[in-house]
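Structure first, then comments.
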Amino acid sequence: MMNNRQLADTFTLIANLLEIKGEIIYKTLAYRKASESLMGLGREASEYWKEGKLEEIPGVGKAIAEKIDELLTTGKLEFLEKLKKEVPEDLATWLPVPTLGPKKIAMIWKTHGITTLAELEAAAKEGKLRDMPGMGAKSETAILEGIASLSRRSARIPLGTAYPLAMEIIGQLLNIKGVVDAQPAGSLRRMRSTVGDLDILVAAKDSSAVMEAFVKLPRVNRVLGKGPTKSSIEFNDGVRAQVWVHPPEKFGTALAYATGSKDHNVRLREIALAKGLSLSEHSFTKVKGGGEILCATEEQVYETLGLPWVPPELREDRGEIQAAKANKLPKLIEVKNIKADLQTHSNYSDGKLTMLEMAQAAAKRGIKVIAFTDHSVSLGVTNGLSIERHKEQAAEIKKIQKKLGDTITVLHASEVEIKADGTLDYPDEFLASLDLVLASLHTSLRQPR
DNA sequence: GCCGTTTTCGGCCCGACTGTTTTCAGTCG
Ligand SMILES: Nc1nc2c(ncn2[C@H]2C[C@H](O)[C@@H](COP(=O)(O)OP(=O)(O)OP(=O)(O)O)O2)c(=O)[nH]1
Ligand SMILES: [Mg+2]
């Protein structure tokens, strides 16, 4: 049975091949949207299917529902098999090459009859691409550089790695004369768990100094583009970053744009159009008769649209527009709302800090309850605690509690191993003496059900 | 191909940068 990812991959492939084929762009868009929608779906599409409700999935209409049905029933799709015969599947592997899109790919394929990435590289090296219409020596070199960049290109970067990197760049940009503000944008500001690149927005009257400094940052491997409003770079490790510079009086529209997501932006722009306004990163303009509204803050952007400000974390076009319209945006849980940390490891097992250090740090962050859930005895690699050592730990926790008074409540707990036979690591009588017990699996994960 | 309290047909966001081009197409954000 195909899962959502496999279905999504199938529709992305269809979109890619259709685009190379030269199909109506909105049709390819529909397949792409359906694919994205499947990726972000909370439930398996097969469940909708069993209930006969496939068309309730956003972006799925009659035609795509029928294709999902065929894929779930047979595991195959006649439409795609036929399409692959018209447009070789290999061509889709060219799309990740920067500067190559569906139009150029189709032209190169039809002119030279080549389909694999290796053939493309060879053709470019032989100088066979430069004579085609709309192409020249530079575009040929760009393709070769693009192919080379594919191997350098890192996967998406975890937020925890990307955020400090971006803040470091922002720190350097803030030092530049004339820079009023610099903020993380894109998926970084939306706090996605991984980001594809580092997007940064700078407020400054004049952009040239920022652009010059940006492309000369340490460890820049190549400059992908450099203009008066936008520049982008690739670092040696393949990580990409881009910066936009807009004047302070446009910072609101610019930040809304740069924060995205793309789909959220499109929704905002549609709402603007319904009000007779055209929204871009620069401003709102009146569709009839002209006239411009500048927004220095995001609040002004949303206010102009008749919406409350939407937290970046929600800007994914996953229902937040509807919620905003109805004034029913959820109140997000923030770090300051966290009152208890009930899963921690101290240096009693595989943690690095002492319990006192951790309890003090937690108290400093406003946390009211901390539970020490060090590993249990059978997890030897983590220095799991014997019952004897638990007694020491209990005594130490008493001392810590005394020292810290009522600033924080310290609980004596354990992350107890569930062993291969399903039993727990300690006898029930001992578990009953703990304040809290977590049970978890670390070994023998491949047993039959 | 999808979608709809202004539409069941006719729209579907809008602009920057590059390289090629004598005014714009393609790609990308
Ligand atoms: N209006 C509009 N804005 C776009 C479009 N594509 C991208 N943007 C805006 C919103 C994005 O959040 C922002 C940065 O683009 P990115 O490609 O870096 O996307 P994002 O950072 O959201 O995701 P990522 O983790 O980088 O894949 O640019 C578009 O087609 N239209
Ligand atoms: Mg990004």
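Sequence lines set the chain letters: A, B, ... in the order given, protein chains first and strands last, and positions in each chain run from 1. Both backbone and side-chain heavy atoms feed into the values below; hydrogens, waters and symmetry mates do not.
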Ignoring hydrogens and geometry beyond distance, is a side-chain donor-acceptor pair present between [X] and [Y] at under 3.5 Å?
X: A:T116; Y: A:D90; result: no
X: A:Q447; Y: A:S444; result: no
X: A:T285; Y: A:E292; result: no
X: A:S261; Y: A:D263; result: no

Please report the distance, rounded to the nearest Å, between [atom1] in [X] and [atom2] in [N].
X: A:I68; N: B:dG1; atom1: CD1; atom2: C1'; result: 13 Å
X: A:L224; N: B:dA16; atom1: CG; atom2: C1'; result: 14 Å
X: A:F284; N: B:dC14; atom1: CZ; atom2: P; result: 12 Å
X: A:N16; N: B:dG1; atom1: CG; atom2: C1'; result: 16 Å
X: A:F214; N: B:dA16; atom1: CZ; atom2: P; result: 18 Å
X: A:I321; N: B:dC13; atom1: CD1; atom2: P; result: 14 Å
X: A:K27; N: B:dC2; atom1: NZ; atom2: P; result: 10 Å
X: A:I233; N: B:dC17; atom1: CD1; atom2: P; result: 15 Å

Treating primed atoms plus P, OP1 and OP2 as sugar-phosphate and everything else as base, which nucleotides of nucleotides 19-29 of chain B get B, S or - for protein heavy atoms under 4.0 Å?
SS-----SSSB
Per-nt protein contacts along nucleotides 5-12 of chain B (heavy atom under 4.0 Å; B base, S backbone sugar-phosphate only, - none) come out as -------B
Looking at [X], does any N or O in its side chain come under 4.0 Å of the phosphate oxygens OP1/OP2 on [N]?
X: A:H282; N: B:dA16; result: yes
X: A:S278; N: B:dC13; result: no
X: A:S231; N: B:dC17; result: no

Could you give the distance separating [M] and [N] at their [atom1] atoms, to the nearest angstrom?
N: B:dG4; M: B:dC13; atom1: P; value: 15 Å
N: B:dT21; M: B:dT27; atom1: P; value: 16 Å
N: B:dT7; M: B:dC2; atom1: C1'; value: 14 Å
N: B:dC3; M: B:dT8; atom1: C1'; value: 9 Å
N: B:dC17; M: B:dC12; atom1: P; value: 25 Å
N: B:dG15; M: B:dT22; atom1: P; value: 26 Å

Crowding at CD1, A:I24 (>12 non-hydrogen neighbours, <6.0 Å):
no
Take atom CZ of A:R156 as the centre, draw a 6.0 Å sphere, and report whether it contains more than 12 heavy atoms from other residues, nucleotides or ligands.
yes
When every non-hydrogen atom of A:Q172 is compared with those of A:P218, the smallest separation belongs to OE1-CD, 4.2 Å
Nearest heavy atoms of A:T304 and A:C295, plus distance in Å
OG1-SG, 4.2 Å
Closest-nucleotide ordering on DNA chain B, the 5'-leading residue of A:P58 and A:K226:
A:P58
Starting at the 5' end of DNA chain B and moving along, which residue's nearest nucleotide shows up first, A:S280 or A:G225?
A:S280
Identity of whatever pairs with B:dT27 - Watson-Crick or G-U, under 3.5 angstrom:
B:dA16
Residue from A:R267, A:K262, A:R190 passing salt bridge (Lys or Arg N to Asp or Glu O under 4.0 Å) with A:D317:
A:R267
Rounded to the nearest 0.5 Å, how far does CG of A:L279 lie from CD1 of A:I271?
10.0 Å
